[in-house]
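Note on naming: letters A, B, ... go to the chains in the order of the sequence lines (proteins, then strands), and numbering restarts at 1 for each one.
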Protein chains: 2
Amino acid sequence: MQNDTCFEQSVHQDRVEKALLEAVTPDQMDRLVRIFKLLSEPTRLKIVLALNSVEMCVCDLAAYLGASQSSVSHQLCNLHNFGLVCRRREGQTVYYSLGDEHVSQLLAIGMAHAQEV
Amino acid sequence: MQNDTCFEQSVHQDRVEKALLEAVTPDQMDRLVRIFKLLSEPTRLKIVLALNSVEMCVCDLAAYLGASQSSVSHQLCNLHNFGLVCRRREGQTVYYSLGDEHVSQLLAIGMAHAQEV
DNA sequence: TGAACATATGAACATATATTCATATATCGA
DNA sequence: TCGATATATGAATATATGTTCATATGTTCA
């Protein structure tokens, strides 16, 4: 549904057009949404925060979180699919760590905002 | 449920304890989750991105998004409750803008990561 | 004060998704 | 190869939440 209560006159066309011009592509939007969504769920965010401190295997994370192995593995899969975490196998164990420096930057800035609210 | 498939031996206690020591408080976790959750939904993210370019009123945003006034107003309320956007009233019109510089920083870093994936 | 317009909001529904359960895959050691 | 252990994954369910609908609130102007 469109502007149900807004009349045309009340819309500032210049502002709308400016926003439209500077809008990111749908593709970029999807990726941006996906990044923030991955960080917006307690289990996944705790995983990412923990990996920001120390490399851990699936069982370590399950113990740390008090969560099931399956749940942790599912979420690690989600995080890995989008490059937020890396993994390396060592025998039967798979160790996870943060994917790139952008992730810890996002955490740092998020924390900064969280503290001052 | 806890570690269903993980045996005690497979857990690196030192790593788990390090993560536990450096863990943020539940309160901080809640706030951090909330920030990322607010940015993780297409309508809200588009709003925030648009406000990063130009101050807009509710009807501007509804027109820009092709969304209903009600939906936009609900989401602006969510964003405002957590300080991600500011508002100022001018007559019947309420103008919204970004809340603080952390928000645009998060967007910038998120975009940087989105582009290289 | 009353009409018109911009915005806000409560309740209900529809959809997305996190967890669980069951099981599959992968690696190591004997 | 077989048993044990660590991890991965498909399907189902339960929960969270975004949108809609209806309506309330707030502001201006005549």
Side-chain angles (χ1 to χ4, degrees), chain A residues 1-12 15-16 30 33-34 36-48 55-82 85-96, chain B residues 1-12 15-16 30 33-34 36-48 55-82 85-96:
Chain A
M1 183 157 294
Q2 300 277 7
N3 312 344
D4 32 5
T5 321
C6 294
F7 284 58
E8 264 192 41
Q9 323 157 12
S10 65
V11 175
H12 304 77
R15 301 185 189 215
V16 173
D30 288 344
V33 163
R34 209 163 150 202
F36 288 126
K37 187 160 290 181
L38 284 168
L39 296 175
S40 73
E41 196 275 328
T43 301
R44 279 193 302 259
L45 183 55
K46 283 175 193 160
I47 288 175
V48 171
E55 187 190 49
M56 288 173 118
C57 72
V58 179
C59 287
D60 294 347
L61 286 164
Y64 167 66
L65 296 169
S68 70
Q69 175 271 323
S70 177
S71 173
V72 170
S73 194
H74 272 295
Q75 298 299 14
L76 283 168
C77 187
N78 288 329
L79 291 167
H80 183 258
N81 283 341
F82 207 60
V85 303
C86 295
R87 70 177 151 210
R88 72 181 174 88
R89 178 178 278 276
E90 194 171 295
Q92 310 179 54
T93 309
V94 178
Y95 291 98
Y96 284 86
Chain B
M1 182 156 294
Q2 300 276 10
N3 312 343
D4 34 3
T5 320
C6 295
F7 286 56
E8 265 192 40
Q9 326 157 11
S10 66
V11 175
H12 305 75
R15 301 184 189 217
V16 174
D30 288 345
V33 163
R34 210 163 150 203
F36 289 126
K37 188 161 288 182
L38 284 168
L39 296 175
S40 73
E41 197 274 327
T43 302
R44 279 192 303 259
L45 183 55
K46 283 175 192 160
I47 288 174
V48 171
E55 186 191 51
M56 289 174 118
C57 71
V58 179
C59 287
D60 294 345
L61 287 164
Y64 166 66
L65 296 171
S68 70
Q69 176 271 323
S70 178
S71 173
V72 171
S73 194
H74 272 293
Q75 299 299 13
L76 283 168
C77 187
N78 288 329
L79 291 167
H80 183 258
N81 283 341
F82 206 61
V85 302
C86 294
R87 69 177 152 213
R88 72 182 174 85
R89 179 178 278 275
E90 193 172 295
Q92 311 179 54
T93 309
V94 177
Y95 291 97
Y96 284 86

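Candidate nucleotides D/dT7, D/dT5, C/dT19 were compared by shortest atom distance to the side chain of A/Glu41, and C/dT19 ranks first. Listed nucleotides: C/dA8, C/dT7, D/dT9. Nearest to the side chain of B/Arg87: C/dA8. Checking D/dT7, C/dT7, C/dA18 against the side-chain heavy atoms of B/Cys6 singles out D/dT7 as nearest. Listed candidates were C/dT7, D/dT7, C/dT19. Nearest to the side chain of A/Ser71 is C/dT19. Side-chain atoms of A/Thr43 lie closest to C/dT19 of the nucleotides C/dG10, C/dT19, D/dA8. Considering only the side chain of B/Val94, C/dT7 comes nearest among C/dT7, C/dG10, D/dT9.
Scanning for side chain to side chain donor-acceptor pair (under 3.5 Å) contacts around A/Arg89 gives an empty result, with sequence neighbours left out. The ring-ring contact (aromatic ring centres under 6.0 Å, His included) check on A/His74 picks up nothing, with sequence neighbours excluded. In this structure B/Glu90 satisfies the side chain to side chain donor-acceptor pair (under 3.5 Å) test together with B/Arg88, sequence neighbours excluded. Checked against salt bridge (charged side-chain N to carboxylate O under 4.0 Å, His left out), A/Arg15 has the following partners two or more places apart in sequence or in another chain: B/Glu55.
Taking the nucleotide of DNA chain D with the nearest heavy atom to each of A/Leu76 and B/Arg44, the more 5' of the two is matched to A/Leu76.
Using a 4.0 Å heavy-atom distance criterion, B/Tyr96 is classed as a sugar-phosphate-only contact. Using a 4.0 Å heavy-atom distance criterion, A/Thr93 is classed as a sugar-phosphate-only contact. Contacts of B/Gln75 with the nucleic acid, taken as non-hydrogen atoms under 4.0 Å apart, involve only primed sugar atoms and P, OP1 or OP2.
Pairs engaging residues 67-78 of chain B under the salt bridge (charged side-chain N to carboxylate O under 4.0 Å, His left out) rule: none recorded [sequence neighbours left out]. Counting only residues at least two apart or on different chains, no salt bridge (charged side-chain N to carboxylate O under 4.0 Å, His left out) pair has a member in residues 68-79 of chain B. Listed by first then second residue, pairs satisfying salt bridge (charged side-chain N to carboxylate O under 4.0 Å, His left out) with a partner in residues 38-48 of chain A number zero, not counting sequence neighbours.
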Requested in this report: Between protein and nucleotides 22-30 of chain D, map the contacts as a letter string: B base, S sugar-phosphate only, - none, heavy atoms under 4.0 Å, written 5' to 3'.
Outcome: B---BBS--
Report summary line: Its dot-bracket string being built from Watson-Crick and G-U pairs below 3.5 Å, with | for another strand and [ ] for crossing, DNA chain D has the pattern ||||||||||||||||||||||||||||||
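Evaluation of atom-type donor-acceptor distances gives a pair under 3.5 Å for the side chain of B/His74 against the base of D/dT20.
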Report task. Let me see the working for A/Met56 and A/Ile47 under side-chain contact (heavy atoms from CB on, under 4.5 Å), right down to the final yes or no. Result -> CA-CA 9 Å; A/Met56 288 173 118; A/Ile47 288 175; over 6 Å; no
